[in-house]
Each structure stands twice: as structure tokens, then as C-alpha cells.
Amino acid sequence: MDFAASVLYAAAQVPRGKVTTYKMIAEALGKADSCRAVGSALNKNPDPHLMPCYRVIRSDGRVGGYALGESEKIRLLAVDGIAVEGGRVAGYRSILFRPAPVKVP
DNA sequence: ATTGGGGCCTCCG
DNA sequence: TCGGAGGCCCCAA
């Protein structure tokens with residue numbers, strides 16, 4: 001399992017109505033300081049519509065970027081019932097989901 | 001709140 | 001093949 005696939009796998013674990021952060025995913029892969037690389041992987045992900053990477057936000061609560069545009073990301077979050085106000089996810093602290101560690105041999 | 005520096009991965013020259 | 005730049009970032013001043 002390569003890096004990109006691991007990232008997608010971790011992101012896919014996030015249930016509807018919850019969010020996770022780039023950092024958490026990095027940690028789930030055992031590489032806590034590769035958060036930026038995680039963003040890269042999600043950005044180049046093959047199926048933005050099948051892969052809910054919009055549920056991945058920054059650790060400070062800001063939405064971060066999105067391949068299809070930040071506004072689109074916000075819209076998709078709204079569909080999940082997650083409100084974004086002033087560029088930040090409202091009450092993101094209480095809906096954070098930590099993905100299970102991904103074994104990467 | 002801002003700013004600067006750092007580490008990880010991928011793509012292009 | 002090798003090197004450099006950039007990206008859906010993070011943390012400490």
C-alpha cells in the first residue's frame with residue numbers, strides 16, 4: 001500500500017457529519033509530520049466526488065483548500081450538516097474524528 | 001493575529 | 001537519474 005492509497009483509506013473512514021484533520025491522518029499513517037504531504041495526496045486524488053476528502057480540514061478549524069474549489073468544499077460540508085462560518089468550521093472541536101491507524105508495511 | 005521556518009511527498013525540467 | 005519547486009500544512013516566536 002503506497003502513501004497516497006493509505007491517505008485515501010484513512011480519509012474514507014470519516015463518517016458523515018464528522019471531520020478530521022490533515023495532521024490526524026498523518027498520525028494515522030505513523031508519520032506525524034507529513035501533514036503537508038497528506039494534503040498533496042488528497043489534492044491529486046483520482047475521484048474527488050467519490051472520495052470525501054472535503055471532510056478533512058486544518059487543525060485550527062479552517063477549511064483549508066480543495067481541488068474543486070474552497071466554495072465547493074464548503075457546500076459539500078453543508079450537505080453533511082456541517083456549517084462553515086467565516087472560513088472556519090463551526091464547533092469543529094466536537095465533531096472531530098480520529099481515523100484508525102493504517103498499517104503501512 | 002501575523003510571520004517565518006521546517007519536514008514530507010510528488011511532479012516537472 | 002538528479003534537483004528544485006510547490007502543495008488542501010503545522011508550530012513556535
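Please read these numbers as outputs of a predicted model, since none were measured by experiment. Chain naming here is simple, since letters A, B, ... match the order of the sequence lines and numbering starts at 1 in each.
- Following rounding to the nearest Å, A:Asp60 (CG) and C:dA12 (C1') show an atom-to-atom distance of 14 Å.
- Here A:Glu72 pairs with A:Arg75 in a salt bridge; the nearest charged N to carboxylate O distance falls below 4.0 Å.
- Spacing between atom CE of A:Met24 and atom P of C:dC10 amounts to 11 Å, rounded to whole angstrom units.
- At a threshold of 4.5 Å between non-hydrogen side-chain atoms, the residues A:Tyr92 and A:Ile82 do not count as touching.
- One can place NZ of A:Lys73 at 11 Å from C1' of C:dC9, the figure rounded to the nearest angstrom.
- For the pair A:Val89/A:Arg62, no side-chain contact is recorded, criterion being any heavy-atom separation below 4.5 Å from C-beta on.
- Checking C:dG7, C:dC10, B:dT10 against every side-chain atom of A:Cys35, the shortest atom distance belongs to C:dC10.
- Atom-to-atom, OH of A:Tyr22 to C1' of C:dG7 comes out at 10 Å; the value is rounded to the nearest Å.
- Set against B:dG7, C:dC10, B:dC9, the side chain of A:Ala37 has B:dC9 as its closest nucleotide.
- Ranking B:dA1, C:dC9, B:dG7 by closeness to the A:Asp33 side chain, first place goes to B:dG7.
- In terms of polar N and O atoms assigned as donor or acceptor, the side chain of A:Arg36 comes within less than 3.5 Å of the base of B:dG6 in a complementary pairing.
- Remark: B:dG7 base-pairs with no nucleotide in the shown strands. Criterion, Watson-Crick or G-U wobble with two distances under 3.5 Å.
- Across all strands shown, A:Gly64 has heavy atoms under 4.0 Å from sugar-phosphate atoms exclusively, and none from any base.
- Under the rule for a side chain to side chain contact (heavy atoms under 4.5 Å, CB included), A:Ala78 has no partner lying at least two apart in sequence or in another chain.
- Atom-to-atom distance recorded for A:Ser34:OG and A:Phe3:CZ is 5.0 Å, nearest 0.5 angstrom.
- A:Glu27 places its CD atom 9 Å from the P atom of C:dC11, with the value rounded to the nearest Å.
- A sub-4.0 Å separation between OP1 or OP2 of B:dT10 and a side-chain N or O of A:Ser40 is absent.
- Per the geometry, CG belonging to A:Leu42 stands 16 Å off P belonging to C:dG7, to the nearest Å.
- Distances from the side chain of A:Lys31 to the nucleotides B:dT10, C:dC11, B:dC9 place B:dC9 closest.
- In this structure, the NZ atom of A:Lys23 is 14 Å from the C1' atom of B:dG7, given to the nearest Å.
- We find that CD1 of A:Ile25 is positioned 22 Å from P of B:dG7, with the value rounded to whole Å.
- In this structure, A:Lys44 and A:Val38 both approach DNA chain B, and ranking their closest nucleotides by distance from the 5' end singles out A:Val38.
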